[in-house]
Number of protein chains: 2
Amino acid sequence: MSAPIRVVLADDELLIRTALAQMLDLEDDLSVVAEAANGEHAVTAAVKYAADVAVLDLQMPKLDGIAAAEQLTRLLPGCGCVIITSHGRPGHLKRALAAGVRGFLPKTTSAATLAAVVRTVHEGGRHVDSELAAEAIAAGDSPLTPREADVLELAATGAPIDEIAHRAALSPGTVRNYLSNAMTKLGAANRHEACATARRLGWI
Amino acid sequence: MSAPIRVVLADDELLIRTALAQMLDLEDDLSVVAEAANGEHAVTAAVKYAADVAVLDLQMPKLDGIAAAEQLTRLLPGCGCVIITSHGRPGHLKRALAAGVRGFLPKTTSAATLAAVVRTVHEGGRHVDSELAAEAIAAGDSPLTPREADVLELAATGAPIDEIAHRAALSPGTVRNYLSNAMTKLGAANRHEACATARRLGWI
DNA sequence: GGTTCCCCATGACAAACGTCACGGGCCGCC
DNA sequence: GGCGGCCCGTGACGTTTGTCATGGGGAACC
């Protein structure tokens with residue numbers, strides 16, 4: 001048998017990270033060569049240890065899984081990226097694939113699947129969870145313009161218009177127009193409902 | 001050495017559950033006798049296998065970790081409950097302790113700590129993460145009346161007043177009064193900010 | 001060079017929202 | 001029995017928000 005696949009594992013929750021590392025290490029052909037608690041560290045560690053595959057949690061401090069994958073595919077093209085996540089939002093899957101990610105799994109999948117996907121990705125293949133893929137296709141593309149998404153994201157904190165306008169360096173009237181457009185596109189009755197749907201679909 | 005501590009593990013994410021189970025099983029004096037994907041199943045499994053300690057994820061379908069712990073302390077008083085969670089909200093800790101939980105840990109703790117807490121709880125002791133405890137004390141008790149919390153929870157979806165009023169079987173005016181009160185108590189400029197604060201503190 | 005889309009802005013109008021004052025009914029407590 | 005707290009409701013008032021019409025500037029594309 002050839003040398004084991006060198007895996008870097010990144011997850012901000014120590015307990016989970018340790019458990020997953022142990023689990024992956026139990027596979028004969030996998031070897032966890034480094035662990036990281038955030039995206040930045042994941043990238044440097046993957047480069048340092050010349051990893052074959054990076055298993056990245058989606059939500060992490062500093063650099064999230066997708067941003068880390070993006071850097072990684074540039075800095076270390078031979079390294080495949082697998083994203084695992086608790087919340088499978090359609091938009092995240094799209095952005096991940098655009099960033100060069102070749103594996104995308106919810107944390108509800110089995111351990112066997114994760115190991116299998118790591119192997120598949122290492123061989124240059126792809127694998128995305130079929131349910132998530134279906135959702136992504138059903139949800140379609142984000143109808144929001146970049147600016148609308150920006151403003152909607154600021155609105156998600158619950159701040160009033162003036163606050164949003166100030167933080168986005170826009171006139172209050174413009175903010176209202178953007179929000180109104182976004183609400184129409186998302187079929188929401190108010191901006192907070194719009195924020196909720198946009199978040200659910202991974203569009204902000 | 002005496003018989004190993006019989007542990008039931010509940011977490012809705014299969015990958016995580018499997019990994020944690022394997023990890024706990026690696027400890028000589030711990031034995032994972034059952035796994036559950038939701039609170040209901042956790043309770044029945046704990047009873048069925050006469051578990052010594054239940055390790056429960058906070059957010060689960062059907063019955064969340066706290067509700068499961070509440071039932072468990074009634075149905076199987078000898079069984080200690082440990083809650084693990086990704087989001088350490090002060091309010092959750094309080095409710096957990098009130099429900100008879102004796103261990104409360106964020107998922108950012110180490111594997112060694114989890115095992116140690118399981119042992120402590122089995123021996124009748126308590127352990128809550130010190131940082132979480134500090135936050136809980138700093139945050140104080142919820143100033144919201146039960147009804148205010150109800151309404152605020154309904155408001156969290158972003159629904160307009162009429163919708164909230166209908167769902168709570170209240171007059172729109174009353175809803176606005178409750179929300180206004182809640183906003184004042186939470187120092188929020190609008191109800192969505194109030195929802196955000198209340199959620200952050202685990203009060204809804 | 002026209003069309004289209006995004007960006008940014010203004011002004012006016014109606015609806016939703018937040019505040020305040022006030023009332024009654026119920027319960028628990030001193 | 002008074003007091004306070006929570007429950008629920010109404011009405012009035014001013015502010016915020018959502019909608020719509022309108023316009024100019026810039027980039028992309030045919």
Side-chain angles (χ1 to χ4, degrees), chain A residues 91 94-95 98 139-204, chain B residues 91 94-95 98 139-204:
Chain A
K94 298 206 173 190
R95 269 186 289 157
D141 278 322
S142 170
L144 303 174
T145 69
R147 218 64 181 110
E148 282 164 4
D150 286 350
V151 173
L152 205 54
E153 190 150 17
L154 287 173
T157 62
I161 294 269
D162 286 341
E163 166 91 7
I164 303 174
H166 181 254
R167 289 218 266 170
L170 287 175
S171 125
T174 306
V175 170
R176 290 200 286 172
N177 287 338
Y178 282 153
L179 289 177
S180 186
N181 285 339
M183 287 161 54
T184 307
K185 288 177 180 176
L186 299 178
N190 57 54
R191 63 193 143 125
H192 304 286
E193 207 178 306
C195 289
T197 39
R199 229 188 248 298
R200 183 166 43 80
L201 296 172
W203 288 342
I204 59 171
Chain B
K94 297 205 174 191
R95 270 187 288 157
D141 278 321
S142 169
L144 303 175
T145 69
R147 219 64 181 110
E148 282 164 4
D150 287 350
V151 173
L152 204 54
E153 189 150 17
L154 287 173
T157 62
I161 294 265
D162 288 340
E163 165 91 6
I164 302 174
H166 181 254
R167 290 217 266 170
L170 286 175
S171 123
T174 305
V175 170
R176 291 201 289 174
N177 286 339
Y178 281 152
L179 289 176
S180 186
N181 284 338
M183 286 161 54
T184 307
K185 288 178 180 176
L186 299 177
N190 57 54
R191 65 194 144 120
H192 304 285
E193 207 178 307
C195 289
T197 323
R199 230 189 247 297
R200 183 166 43 81
L201 297 172
W203 289 342
I204 60 169

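Labels below follow one simple rule: chain letters A, B, ... track the order of the sequence lines, proteins then strands, and each chain is numbered from 1.
- Within 4.0 Å of B:Leu170, counting heavy atoms only, lie sugar-phosphate atoms of the nucleic acid but no base atom.
- When all heavy atoms of B:Ala165 and B:Ser171 are compared, the closest pair comes out as CB-C, 4.1 Å.
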Before you tell me yes or no, could you show the steps for B:Thr174 and B:Arg147 under side-chain contact (heavy atoms from CB on, under 4.5 Å), namely the whole-Å CA-CA distance, both residues' side-chain angles and the distance that decides it to 0.1 Å?
CA-CA 11 Å; B:Thr174 305; B:Arg147 219 64 181 110; over 6 Å; no
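- Between A:Ala188 and B:Pro143, the one whose closest nucleotide on DNA chain D sits nearer the 5' end is B:Pro143.
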Could you check B:Val175 against B:Arg191 for side-chain contact (heavy atoms from CB on, under 4.5 Å), going step by step and ending with a plain yes or no?
CA-CA 11 Å; B:Val175 170; B:Arg191 65 194 144 120; over 6 Å; no
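- Chain A approaches DNA chain D over the interval D:dT17 to D:dC20, counting the first and last nucleotide 5' to 3' with an atom under 4.0 Å from its heavy atoms.
- Not one N or O on the side chain of B:Lys185 forms a donor-acceptor pair closer than 3.5 Å with the backbone of B:Ser142.
- Contact annotation for B:Asn190: backbone-only contact, meaning every heavy-atom pair under 4.0 Å involves sugar-phosphate atoms and none involves a base.
- Counting non-hydrogen atoms under 4.0 angstrom, A:Arg176 reaches a base of the nucleic acid.
- Each of B:Glu148 and A:Ile161 lies near DNA chain D, and the nucleotide nearest B:Glu148 is the one positioned closer to the 5' end.
- Using a 4.0 Å heavy-atom criterion, one finds that A:Thr145 contacts the sugar-phosphate atoms exclusively.
- Partner of B:Glu148 under the side-chain contact (heavy atoms from CB on, under 4.5 Å) criterion, out of B:Val151, B:Leu152, B:Thr145, B:Asp150: B:Thr145 alone.
- In summary, contact between chain A and DNA chain C, defined as any nucleotide atom under 4.0 Å from a heavy atom of the protein, begins and ends at C:dC6 to C:dA12 in the 5' to 3' direction.
- Distance CG/A:Leu201 to CG/A:Asp141: 11.5 Å, rounded to 0.5 Å.
- Without hydrogens or angle criteria, A:Asp162 side chain to A:Pro172 main chain gives no donor-acceptor distance under 3.5 Å.
- Distance alone, capped at 3.5 Å, places no donor-acceptor pair between the B:Ser180 side chain and the B:Arg176 backbone.
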